[in-house]
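Below is one structure, written out as structure tokens; comments come after it.
Quick caveat, the model's predicted, so the values are computed rather than measured. Order of the sequence lines fixes the chain letters, A, B, ..., with proteins taken first and strands second; residue numbering starts at 1 for each chain.
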Number of protein chains: 2
Amino acid sequence: MAEARSVDTRERILDAAEHLFMAHGYEGTSMRQITSGAGVNLAAVNYHFGSKESLMQEVFRRRLDWLNDERMRVLNALESEAAGKPLKPSQIVDGFFGTLLRMADDEERGGVTFLRLLGRTLTDPSEFIRTFLAHEYAEVVDRYKEALFKALPDVPKAEIVWRFHFMLGATSYAIAGTDALRLVTDWQIEEEDATDRLDRLVPRLMSFLLGGLRAPLPQFSSPTVDL
Amino acid sequence: MAEARSVDTRERILDAAEHLFMAHGYEGTSMRQITSGAGVNLAAVNYHFGSKESLMQEVFRRRLDWLNDERMRVLNALESEAAGKPLKPSQIVDGFFGTLLRMADDEERGGVTFLRLLGRTLTDPSEFIRTFLAHEYAEVVDRYKEALFKALPDVPKAEIVWRFHFMLGATSYAIAGTDALRLVTDWQIEEEDATDRLDRLVPRLMSFLLGGLRAPLPQFSSPTVDL
DNA sequence: CTATGATTCAAACGAACGTATGAATTATAA
DNA sequence: TTATAATTCATACGTTCGTTTGAATCATAG
């Protein structure tokens, strides 16, 4: 078997695809853009991955396998250290979302490119993508949900699930980077440069997520509560 | 001028496009899907709108013009009633995000279909779409940011802008509907049916957003704060 | 060195894409 | 009714899409 070349080619394709899918989306990226971006022959994608869909899945699997393993490892460590007692919500939130955000600094694991790709893809309309991601995430999400149930016994489970969902949305936007509505413009934030911004993003987002997670429960029945 | 037919045709195209863009995205929807979905000739889109891009913009303009006018109206009313005093954060958040969410019940203004489309499009990679949306939103976002600055004088402006961004993300996911990671499954929330869910979503999300907006400020310097 | 399998390559496939055309049809106004 | 403008229609254009093919090139094991 001649592996030396093919491994290189596979990796080059994955890198190019990751970047292009991030920049232009799945449907908006053509095979020819990918292969020429990777400097390989057009047929290489179908040879190594079978199809464009399979390539997309492999782009995510390469990163998500490590991420979700790491999330599991962190949660297991926290729980064994707690010895049966409930964890702090901040620990759980940091284990799930902090672990994700810290990938931004890890260029070997895709860095900001993959994070932006993931953030944008979570709302992607393509059915096969959402199905694939849901499957990749199912186990780890379940574990973290259970941990939150135990950590917040007074909050209805349905409420926790919703707030998990909201936290995912806030995080997704935080990492999608290019602010959807140009809310964060450079002239507005004079005091920090671009390198600082990422370091500060994590504590910023964590404060927000925890504030939302532990907010007072909503009052359904009463009309127009004035809080 | 023969308006009777063309207005019908225009509207039918916009309705079909709105639904298809929501379900399959901009790039994932073809002109032929749109025209056959609307029951009109293939050439009708280019005749009435000029191009696919212009159609996309018109799909949004039709809804956003009303939404942002309404947001302005609400904020103006609140501010004139407050007579110079700062507004409550809850009033501002409800004016911006509540006004949006209440479109879900208004079938004449697109209902949940448009809300899902908007939620998904805010992270869309296409440059022309983000540019267009940023322009459509610029004025109203600026006014609401200023109101928040005044309502929260002790919070650094940069922090408020970021939290606005986070709130937008949480809201986007809340309305994108099809839970990205299948977090919210039917069997998990037995006590409420689908019709209830939307009514309850607004107070749920409002609690979360306000909790996040008013969360303690993040501590940047200290490593691994244990809150 | 040779044989075998893995990989790369140029070229082509049919299908679908957004758009344009010019004639046919319909509505409006004189 | 007739002239004129607006709209619809079937059809086709040129391009790009994802995928396939079969030969050429490479690496490696016997």
Side-chain angles (χ1 to χ4, degrees), chain A residues 1-60 117 121 124-129 131-132, chain B residues 1-60 62 121 124-129 131-132:
Chain A
M1 305 177 212
E3 288 258 306
R5 271 193 309 170
S6 76
V7 168
D8 251 23
T9 301
R10 274 183 61 97
E11 217 74 8
R12 291 169 61 83
I13 291 173
L14 288 171
D15 289 342
E18 183 173 69
H19 185 268
L20 286 165
F21 286 152
M22 180 274 288
H24 309 116
Y26 175 76
E27 309 266 13
T29 302
S30 72
M31 302 281 268
R32 285 162 178 85
Q33 285 177 274
I34 295 170
T35 51
S36 81
V40 303
N41 187 271
L42 169 61
V45 170
N46 284 285
Y47 176 77
H48 285 283
F49 300 96
S51 69
K52 190 185 176 186
E53 283 200 7
S54 300
L55 169 61
M56 178 70 159
Q57 294 183 0
E58 195 54 37
V59 166
F60 278 96
L117 172 61
T121 309
D124 196 280
S126 306
E127 182 56 31
F128 93 92
I129 294 179
T131 302
F132 168 75
Chain B
M1 304 176 212
E3 286 258 307
R5 271 193 310 171
S6 76
V7 167
D8 251 22
T9 300
R10 274 182 61 97
E11 216 75 7
R12 291 168 62 81
I13 291 173
L14 288 171
D15 288 342
E18 183 174 67
H19 185 267
L20 286 165
F21 285 153
M22 180 273 289
H24 309 116
Y26 174 75
E27 309 266 12
T29 302
S30 71
M31 302 280 268
R32 285 163 178 83
Q33 286 178 275
I34 295 169
T35 50
S36 80
V40 303
N41 188 270
L42 169 61
V45 170
N46 283 285
Y47 176 77
H48 285 282
F49 299 96
S51 69
K52 191 184 175 187
E53 283 201 5
S54 300
L55 169 61
M56 178 69 158
Q57 294 184 0
E58 195 54 36
V59 166
F60 277 96
R62 176 170 72 146
T121 309
D124 196 280
S126 306
E127 182 56 32
F128 93 91
I129 294 179
T131 302
F132 168 74

**Prompt:** In whole angstroms, how far is the P atom of dT16(D) from the NE2 atom of H24(A)?
**Reply:** 16 Å
**Message:** How many whole angstroms separate atom OH of Y26(B) from atom P of dG18(C)?
**Reply:** 8 Å
**Request:** Report the distance from atom CG of D8(A) to atom P of dA6(C), rounded to the nearest whole Å.
**Result:** 19 Å
**Asked** Which part of the nucleic acid, if any, lies within contact of T29(B), taking any heavy atom under 4.0 Å across all strands shown: a base, the sugar-phosphate backbone alone, or nothing?
**Response** sugar-phosphate
**Of the listed nucleotides dT19(C), dT7(C), dT8(D), the one nearest the side chain of H48(A)** = dT7(C)
**Asked** Which one, dA10(C), dT19(D), dT8(D), comes nearest to the side chain of N41(B)?
**Response** dT8(D)
**Prompt:** Side chains of M56(A) and T121(A): closer than 4.5 Å at any heavy-atom pair?
**Reply:** yes
**Complete:** Residue pair A43(A)/Q33(A) against DNA chain D: nearer the 5' end by closest nucleotide is Q33(A)
**Asked** For I13(A) and dT7(C), what is the distance between atoms CD1 and P respectively, to the nearest whole Å?
**Response** 12 Å
**Request:** List the steps, then state whether side-chain contact (heavy atoms from CB on, under 4.5 Å) holds for L14(B) with L55(B).
**Result:** CA-CA 8 Å; L14(B) 288 171; L55(B) 169 61; 3.8 Å; yes
**Asked** Going by heavy atoms in the side chains, are R62(B) and D15(B) under 4.5 Å from each other?
**Response** yes
**Message:** By nearest atom, which of the nucleotides dA12(C), dA10(C), dA12(D) is closest to the R32(B) side chain?
**Reply:** dA12(D)
